[in-house]
There are 2 protein chains.
Amino acid sequence: MPTEQHCYQYPHPAVTTDVVIFTIRDDRLQLLLIRRGGEPFKGMWALPGGFLDIDEDLDQCAARELEEETGLTDVYLEQLYTFGRPQRDPRERVISIAYYALIPSQKMRLQAASDAAEAAWFPVSDLPPLAFDHQEIIRTAHHRLVAKLDYSTIAFQFLSESFTLGELQGIYETLADSELDKRNFRKWALALEQIEETGELRRQGNHRPARLYRLKDPTTVSYLK
Amino acid sequence: MPTEQHCYQYPHPAVTTDVVIFTIRDDRLQLLLIRRGGEPFKGMWALPGGFLDIDEDLDQCAARELEEETGLTDVYLEQLYTFGRPQRDPRERVISIAYYALIPSQKMRLQAASDAAEAAWFPVSDLPPLAFDHQEIIRTAHHRLVAKLDYSTIAFQFLSESFTLGELQGIYETLADSELDKRNFRKWALALEQIEETGELRRQGNHRPARLYRLKDPTTVSYLK
DNA sequence: TCAAAAGTGTTTGCTATACACCCATGA
DNA sequence: TCATGGGTGTATAGCAAACACTTTTGA
């Protein structure tokens, strides 16, 4: 069997997608990395990703990588940027179309669906050395995420099905790395008209139970004036 | 000489860049299209673009296309989005990394540097039928441009070296398709501290001459709070 | 003298911020 | 009863929007 059976008149680069999978855990923004089992960069940590199937849409490819590592399918996934520096992969020319995903911390245990490769969560502020140009990809994704906080409700995508206003505030405080005034935050969050009370309470800890809320439209990110 | 000499173990897509080149002319946002000389979509209008050289950076490829069509090198050029629907090109799988560029209307005549292919400016609001998925690319670029008006000084990239406040206001009015209050606009524009008077006046028409301004840093787009 | 665009401040309304105390619960 | 996070309103400041007349020029 020939090892090189797909031929073209002009040289073609390989195309991959890589996915920055963010979650919030332990009040820190974290992301999922895979330890590489083969060369190049063997043993180093890298973003989940892989080659584009020749008949596969770009979004599908990224969603497939995401599902392989987390088992999740219906989470926020957005194309980020395309990285294609000629020497970014020592083997051959590789163009990487980077995506980023936001997943609620609750769903994280589904990650057991991962294949044999070692996978782990790392705080964005404390990453190990990374393969390829993945540090640059992560920096770009982090910037995009923080920028979108100001003009969209993207952070709501970190919420599970029901949540308290305290949890929502915690997400914003973690992402912006700042403390927010409780009354002002609640006024703002409710004025968006994106969330509604479920009528349930969450009893947790030695204190007054918190009202639970849900997103009126869980899959929609809205943009602020 | 063999016609298919570049072979790979797995199929590889072709990779192109396409560039949406915007300018403002006759108080309308316009963009540059090329009439296709060959199949597919022969005779239809399309964005300037072409295949990525195997050792060429993505930005270089887009800049090269831009220069080939306009002769311009130092203009605003930003990666937009990557389009890769499997059947978007009937010949083979093609991934297009789309860019957009903004050029001052004054410099437009340099477009004579174009090759033999027919090129023309079209108002965004009145486009001909387009090849491939170029209509979608243009829609995406237009949305990005309009969105950036609200939180950056990207529109200043349409300005020539010296300009009047009236011209700047005209650019904003054209892009946002709305009329703006002259006093409020001037207050806002000057408060940005991105422009300064040249000391010159422009005499033009039967009316009071206008003060000329320049960008303090012509190549920098700044982001608003 | 007329037409046309340049140039110039103040008032008003709204949004964002600052700020402190009581409530309900489990230990 | 104590510790813990949940829940609530008002006053102030800063920014954005509305608004009209005088200036300078060329025809």
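Owing to the predicted nature of the structure, the values given are computational and were not obtained by experimental measurement. We name chains A, B, ... by the order of the sequence lines, and we start the count at 1 in each one.
For the pair B:Phe163 CZ and C:dA6 P, the computed distance is 14 Å after rounding to whole Å.
Positionally, the nearest nucleotide of DNA chain C for B:Tyr213 lies more toward the 5' end than for the other of A:Asn184 and B:Tyr213. Where B:His207 and A:Gly166 meet DNA chain D, the nucleotide closest to each residue was compared, and A:Gly166 sits on the side nearer the 5' end.
The side-chain contact (heavy atoms from CB on, under 4.5 Å) test with A:Tyr99 singles out one residue from A:Ile137, A:Leu66, A:Leu58, and that residue is A:Leu58. Tested against B:Leu102 for a side-chain contact (heavy atoms from CB on, under 4.5 Å), the candidates B:Ile154, B:Val75, B:Ile21 yield a single pass: B:Ile154.
Applying the ring pair (Phe, Tyr, Trp, His ring centres under 6.0 Å) test to every pair with at least one member in residues 196-222 of chain A, sequence neighbours left out, gives no pairs at all. Residue pairs meeting the ring pair (Phe, Tyr, Trp, His ring centres under 6.0 Å) criterion with at least one partner in residues 149-204 of chain A, sequence neighbours excluded, are A:Tyr151-B:Tyr151, A:Tyr172-A:Phe185, A:Tyr172-A:Trp188, A:Phe185-A:Trp188. Contacts classified as salt bridge (Lys or Arg N to Asp or Glu O under 4.0 Å) and involving residues 166-182 of chain B (residues at least two apart or in different chains) are given here: B:Glu167-B:Arg202.
With sequence neighbours excluded, the residues that form a side chain to side chain donor-acceptor pair (under 3.5 Å) with A:Thr153 are A:Ser222. Looking at residues two or more places apart in sequence or on another chain, you find a salt bridge (Lys or Arg N to Asp or Glu O under 4.0 Å) between A:Arg35 and A:Glu118. Shown here are the side chain to side chain donor-acceptor pair (under 3.5 Å) partners of A:Glu196, two or more places apart in sequence or in another chain: A:Arg214. Considering only residues two or more places apart in sequence or on other chains, A:Tyr100 meets the ring-ring contact (aromatic ring centres under 6.0 Å, His included) condition with none of them.
Donor-acceptor pairing under 3.5 Å is lacking for the side chains of A:Thr198 and A:Ser162.
Shown for residues 149-158 of chain B: no residue has heavy atoms falling under 4.0 angstrom of DNA chain D. Contacts between residues 186-201 of chain B and DNA chain C, defined by a heavy-atom separation below 4.0 Å, involve B:Arg186, B:Lys187, listed by number. Within residues 167-180 of chain A, no residue approaches DNA chain C, by heavy-atom distance under 4.0 Å.
At a threshold of 4.5 Å between non-hydrogen side-chain atoms, the residues B:Lys148 and B:Tyr223 count as touching.
Classification of B:Glu136 and B:Arg88 as a salt-bridged pair fails, no side-chain N sitting under 4.0 Å from a carboxylate O.
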Would you tabulate the pairs of protein nitrogen or oxygen atoms and nucleotide nitrogen or oxygen atoms of nucleotides 20-23 of chain C closer than 3.5 angstrom?
residue : atom : partner  : partner atom : Å
C:dA20  : N1   : A:Arg183 : NH1          : 3.3
C:dC23  : O4'  : A:Arg208 : NH1          : 3.2

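A nucleotide of DNA chain D counts as in contact with chain B when one of its atoms lies under 4.0 Å from a heavy atom; the first and last such, 5' to 3', are D:dA17 to D:dA27.
In this structure, B:Gln135 places its CD atom where only 12 or fewer heavy-atom neighbours from other residues, nucleotides or ligands lie under 6.0 Å away.
Close to C:dT8, at under 4.0 Å from its OP1 or OP2, lies a side-chain N or O of B:Arg211.
In terms of modelled atom types and a separation under 3.5 Å, the side chain of B:Thr23 and the main chain of B:Ile103 share a donor-acceptor contact.
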